[in-house]
Amino acid sequence: RKTDMLKAWMLWKQKGDEGMAETIDHCFNIAREMAQRIKSDTSGAWKLVYPVSCTNVCFWYVPPSMRPLDPSTATQDQQQALHNVAPAMKQLMQETGDAMIGFQAVDGHPNFFRIVFASCDTETVEDI
């Protein structure tokens, strides 16, 4: 789209090659850090759905009432309960204005959150 390309060109012109490379590397690093934190979680609250792809992190939040839960061996009822978590949380986040993170169901998996780190000029690893 022409308007998107104009914005991209203006950003590149302002940052230069090195600045753009630093921004992109920073986005990748933040995504990897978030995935590592999810993998390292011992509470059972966070589960990684897929390995990080570029700057996309796909994950589930597992409420305390459903822990411990292994999504790969979950019963149909457990999968349905997990499927309902992301829409309910997103609605709450929208009502409170806390965050705007999309969710989706792919390849037969229950709904999961998908966060994309697209512009990381203001984000740090402390923000995740």
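All heavy atoms count here, side chains included; hydrogens, waters and symmetry mates do not. All figures in this text were calculated on a predicted structure; none of them were measured in a lab.
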Excluding V116, membership of its hydrophobic cluster (Ile, Leu, Val, Met, Phe, Trp, Tyr; side-chain heavy atoms within less than 4.5 Å) reads none
- prompt: Do V52 and V125 sit in the same hydrophobic cluster, where Ile, Leu, Val, Met, Phe, Trp and Tyr count as joined when their side-chain heavy atoms come under 4.5 Å apart?
  reply: yes
Of all heavy-atom pairs linking T55 and A31, the shortest is CA-CB, 3.8 Å
Taking every heavy atom of K90 against every heavy atom of G102, the minimum-distance pair comes out as NZ-CA, 4.0 Å
Note to self: We want to know whether D41 and S43 form a side-chain donor-acceptor pair, criterion being a heavy-atom distance below 3.5 angstrom.
What the structure shows: yes
Next on the checklist: Side chains of V57 and F117, heavy atoms from C-beta outward: is any pair under 4.5 Å?
Outcome noted: yes
Output for pair (F59 CZ, R37 CZ), nearest 0.5 Å, gives 12.5 Å
Minimum side-chain heavy-atom gap N29-R32 below 4.5 Å: yes
Value for CD (Q79) from CG (N84), rounded to nearest 0.5 Å, stands at 12.0 Å
Residues 117-128 vs salt bridge (charged side-chain N to carboxylate O under 4.0 Å, His left out), sequence neighbours excluded, gives K15-D121
**OP:** Examine M93 and Y61 and state if one hydrophobic cluster contains both, with Ile, Leu, Val, Met, Phe, Trp and Tyr joined whenever side-chain heavy atoms are less than 4.5 Å apart.
**Re:** yes
Between I128 and I24, is there shared hydrophobic-cluster membership here, with clusters defined by ILVMFWY side-chain heavy atoms closer than 4.5 Å?
no
Between the CD1 atom in I101 and the CD atom in Q94, the distance rounded to the nearest 0.5 Å is 11.0 Å
Is there a path of hydrophobic side-chain contacts, each under 4.5 Å between heavy atoms, that joins F28 and I115? no
| field | Close side-chain approach of V85 to M66, heavy-atom, < 4.5 Å | value | yes
- Are W60 and F113 close enough that their ring centers fall under 6.0 Å? no
Rounding to 0.5 Å, atoms OG1 (T73) and CD (Q78) come to a distance of 7.5 Å
CD (Q36) and NZ (K39) are apart, to the nearest 0.5 Å, by 5.5 Å
The reported gap from CD1 in I38 to CD in E33 (rounded to nearest 0.5 angstrom) is 10.5 Å
In short, G44 meets V62 closest at the heavy-atom pair O-CB, 3.4 Å
* Side-chain donor-acceptor pair under 3.5 Å between Q91 and E95, yes or no? -> yes
Do M89 and F103 make a side-chain contact, defined as non-hydrogen atoms from C-beta onward lying under 4.5 Å apart? no
Q104 side chain reached by F112 side chain, heavy atoms, under 4.5 Å: yes
Closer than 3.5 angstrom, by distance alone: can the side chain of S53 be matched with the main-chain N or O of N56 as a donor-acceptor pair?
no
